[in-house]
Number of protein chains: 4
Amino acid sequence: MSSTDPQTARTGRPRSTAADAAILEATRASLVDLGWSKLTMGDVAARAGVAKTTLYRRWAGKNELVVDAVAVLFDELELPDRGSLAADVQGVVLQFAALLERPETRTALMAVVAESTRDDSLRVRIRDSIVERQKRLVLEGRQRAQRRGELPVEPDTAVADRTADLIFDVIAGAVVHRMLVSAEPVDTDWARQFTLLLLSGLGAGAMERRPGS
Amino acid sequence: MSSTDPQTARTGRPRSTAADAAILEATRASLVDLGWSKLTMGDVAARAGVAKTTLYRRWAGKNELVVDAVAVLFDELELPDRGSLAADVQGVVLQFAALLERPETRTALMAVVAESTRDDSLRVRIRDSIVERQKRLVLEGRQRAQRRGELPVEPDTAVADRTADLIFDVIAGAVVHRMLVSAEPVDTDWARQFTLLLLSGLGAGAMERRPGS
Amino acid sequence: MSSTDPQTARTGRPRSTAADAAILEATRASLVDLGWSKLTMGDVAARAGVAKTTLYRRWAGKNELVVDAVAVLFDELELPDRGSLAADVQGVVLQFAALLERPETRTALMAVVAESTRDDSLRVRIRDSIVERQKRLVLEGRQRAQRRGELPVEPDTAVADRTADLIFDVIAGAVVHRMLVSAEPVDTDWARQFTLLLLSGLGAGAMERRPGS
Amino acid sequence: MSSTDPQTARTGRPRSTAADAAILEATRASLVDLGWSKLTMGDVAARAGVAKTTLYRRWAGKNELVVDAVAVLFDELELPDRGSLAADVQGVVLQFAALLERPETRTALMAVVAESTRDDSLRVRIRDSIVERQKRLVLEGRQRAQRRGELPVEPDTAVADRTADLIFDVIAGAVVHRMLVSAEPVDTDWARQFTLLLLSGLGAGAMERRPGS
DNA sequence: CATTAACCGAGACGGTACGTCCGGTCTTTTA
DNA sequence: TAAAAGACCGGACGTACCGTCTCGGTTAATG
């Protein structure tokens, strides 16, 4: 977010809230048309009908802008109750795949991750705006599975958290790698096979209790 | 590779083979010092003691050059026999994590993947130079586990290939996502937990036979 | 001048008269520190402790502001009676040179003149605020010389005016050119030599009567 | 001049000599159309069909470029033998006035002089490219007058030089001041009156011998 | 052993985008 | 209604790289 601390700025002309929305929308449009590497601040500004300075007043650079512009798209992911844990997992896998099919996400996600390997503040921004936000899907899915009796309730919250993180990385990582690195489609078959692998591991494995043993 | 077609060029001064090595080495050094986005062709040329034209005569651009410079690093991955499938998997996970800890790989891998989302020839180059090459690790590990009797032999080669691809995406994807997206360390504990999840899934799941059923 | 028409503004908060002085003073300070080309409206406003809008409410732009800020400095020029016409001329030459030695005058005068070549209203402003105002020195010097009997009284006022204008351009032009274009010092020797040339010309020449003959 | 030291640069692609001419021509055209203050490096580059970098490779900035572009115009001044010293002086005055009537000279000369008050290297450039070059007119005129017997030969070269400088500043200064500061026309009448004043001063004055006395 | 064609280094070339700065205007709160 | 504050649009700045293009000068295989 452009983090306009409401307490800080009191006097003078306030920042245009309309500009924020227009800029983020223009950023997504430019990503679709040009892709990450060809996207320029000047082009975004022109599309948004805004001066370049207005962009730089709100975002430090292309990376930060794109993270904010794309983060909101990940919030579209939902976890409707499909009746079983397997169906829920398969559903979210396909949903995530559909999101990564969109050109703006496809081109932007890996690019900002790449940049974040050399920029700590960007890494934090990505973690806060995207990663941590979407872990909700894992937590919600588990909760629902536990209510259904498909999964036991893990009493140790540290273990539970660790497992949730692992599941998240496995699901998201596998889908991203399949689509963007291996460059193969994530279709229903793949999703089913992946879900089977994952849930078998979860069920049979009875995730270990003591990590450091 | 810089694809010096031996048939094409017959007469005239041949290309310096020393230059190729110097350029790739300089590229890796520049990646370490500057990272992907700050790396420039001019800088690489200067480090290699070579003119910019010499780079462009051999590679189409920054993307192709970096893929070639980094691809060789992935060949360092090995799969020594650690006695059990679990130990082998855990070993390769930690080895891969160590590779991604190196700044040149860290910054380059995601960047070229990001670029490849808009450049088909680059996508092919990545797949050929990196992805397909490293699937050998999965195949070798499976073969060894089958010899040990830890895994059954899958008679249907299509199913076997499909499963190998899945395993590859899950392992590579989870490690990459954990390290670069979630920005959390891949340590022995995580590797053990991940291996447990994966192998339980493989063993119990008895990967389905008919995909399209 | 900032032309505060007393009739126009009647109601509401009156303009701060202190602001005018502060702005002009800040303008001169900024000229000294930064010179004409680096001087900015924002800097002047900041130095004067005033908002940019306040500047623009009073002056059309940088040119007008600087003319007003500098014009007053020329009013410092005086013509004390030094006993003879030669001494008076030499005195005013050195005084004018000293004024052009000051950085604010030095940098501003030529700059606004340059701008005025493309801006008629600015040309008028310079003529009114600076040029015509300082012709008083020529007129006063002539009057005093005539009282002393050093110069005859010219009966034709048109000829007298024309001659005064010529003298003014010769004196001011020579000093400015020597200092700013030729970039050589105007010292006592030069002033004496110049005065000698000028007065010889005036005395011997017996300025022609009929211009169009 | 863009001072391409022929000894220095030996290797690499040589600078385009055609570009130099095109740039200077474009600069003059831009001065005519836009004037000094509106002239931009980008506009000049565009007119010359040249990249901005090519300008900056040859000139440090707008000031240096404009000095070079207009300096050559001053070389057009000539001193044809009009039969008498008075006619020669009057002729050069009118010629100089005509030169200052041209918009490119008019807007550029005072501007670069203004800038030079804060930039020593620019001051030197102006002196070398314009001022010193045109003193030839004074020297030539004097020589011719001496041949005619209109002026005595000054044996002391230091005095002769000092006098030539004075004459130069008086002529050039008076014309410039009349035209650009006073903003009055320099016509035949004014030129005749000015010449009369100047030559009377020269003849009668019999310029002093010992400066420091 | 001379030719010769492709190579090499150097660096200028036309472009594009950068991120900053300033000019002048507009919008808000405060006096 | 003016003032201070500061955001706004527009546009030029000077720089950095891009990828291409001359240059003069090697360097091997060919003839």
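In what follows, every chain begins at residue 1, and chains take the letters A, B, ... in the order their sequences are listed.
- Which of E:dC18, E:dC8, E:dG19 sits closest to the side chain of B:Arg58 comes down to E:dC8.
- Across the interface with DNA chain E, nearest-nucleotide mapping of A:Tyr56 and D:Ala51 shows D:Ala51 to be the residue nearer the 5′ end.
- Using a 4.0 Å heavy-atom cutoff across all strands shown, A:Gly61 reaches no nucleic acid atom at all.
- Toward the 5′ end of DNA chain E lies the nearest nucleotide of D:Thr17, the other residue of the pair A:Gly42 and D:Thr17 mapping further downstream.
- In this structure, B:Arg47 places its CZ atom 12 Å from P of F:dC17, rounding to the nearest Å.
- Distances shorter than 4.0 Å separate none of the side-chain N or O atoms of B:Thr53 from OP1 or OP2 on F:dC21.
- Side-chain N or O atoms of B:Lys52 include none that pairs as donor or acceptor with a backbone N or O of B:Ala45 at under 3.5 Å.
- For the pair A:Met110 and B:Val113, the tightest heavy-atom approach, listed with the atom from each and the gap, is CG-CG1, 3.8 Å.
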Please evaluate residues A:Arg125 and A:Asn63 with respect to the criterion side-chain contact (heavy atoms from CB on, under 4.5 Å), reporting the C-alpha separation (whole Å), side-chain torsions for both, the decisive distance (0.1 Å), and the verdict. CA-CA 10 Å; A:Arg125 197 183 195 96; A:Asn63 295 324; over 6 Å; no
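- Here B:Arg57 reaches the OP1 or OP2 of E:dC8: one of its side-chain N or O atoms lies under 4.0 Å away.
- Here the C1' atom of nucleotide F:dG10 and the CE atom of C:Met41 are 17 Å apart, to the nearest Å.
- Note: NZ (A:Lys38) to C1' (F:dC17) measures 15 Å, nearest angstrom.
- Rounded to whole Å, atom P of F:dC18 lies 15 Å from atom CH2 of B:Trp59.
- Comparing B:Lys62 and D:Leu39 by the nucleotide of DNA chain F that holds the closest heavy atom to each, the one mapping nearer the 5' end is D:Leu39.
- Taking atom CG of C:Leu34 as the reference point, atom P of E:dC21 lies 14 Å away to the nearest angstrom.
- Comparing D:Asp43 and A:Pro14 by the nucleotide of DNA chain F whose heavy atom lies nearest to each, the residue mapping closer to the 5' end is A:Pro14.
- Set against E:dC18, F:dG6, E:dG9, the side chain of A:Thr11 has F:dG6 as its closest nucleotide.
- In this structure, the CG atom of B:Leu65 is 11 Å from the P atom of F:dG19, given to the nearest Å.
- Although no hydrogens or angles enter the test, the distance criterion places no donor-acceptor pair under 3.5 Å between the side chain of B:Lys38 and the main chain of B:Asp33.
- Rounded to whole angstrom, the span from the CG atom of C:Leu55 across to the P atom of E:dC22 amounts to 15 Å.
- Looking at the side chain of B:Lys52, the nearest of the listed nucleotides F:dC18, E:dG19, F:dA5 is F:dC18.
- Here the C1' atom of nucleotide F:dT27 and the CZ atom of B:Arg13 are 5 Å apart, to the nearest Å.
- The shortest distance between the side-chain N/O atoms of B:Ser16 and the OP1/OP2 oxygens of E:dC7 is not below 4.0 Å.
- Taking the charged nitrogens against the carboxylate oxygens, B:Asp68 and B:Arg58 have no contact shorter than 4.0 Å, which rules out a salt bridge.
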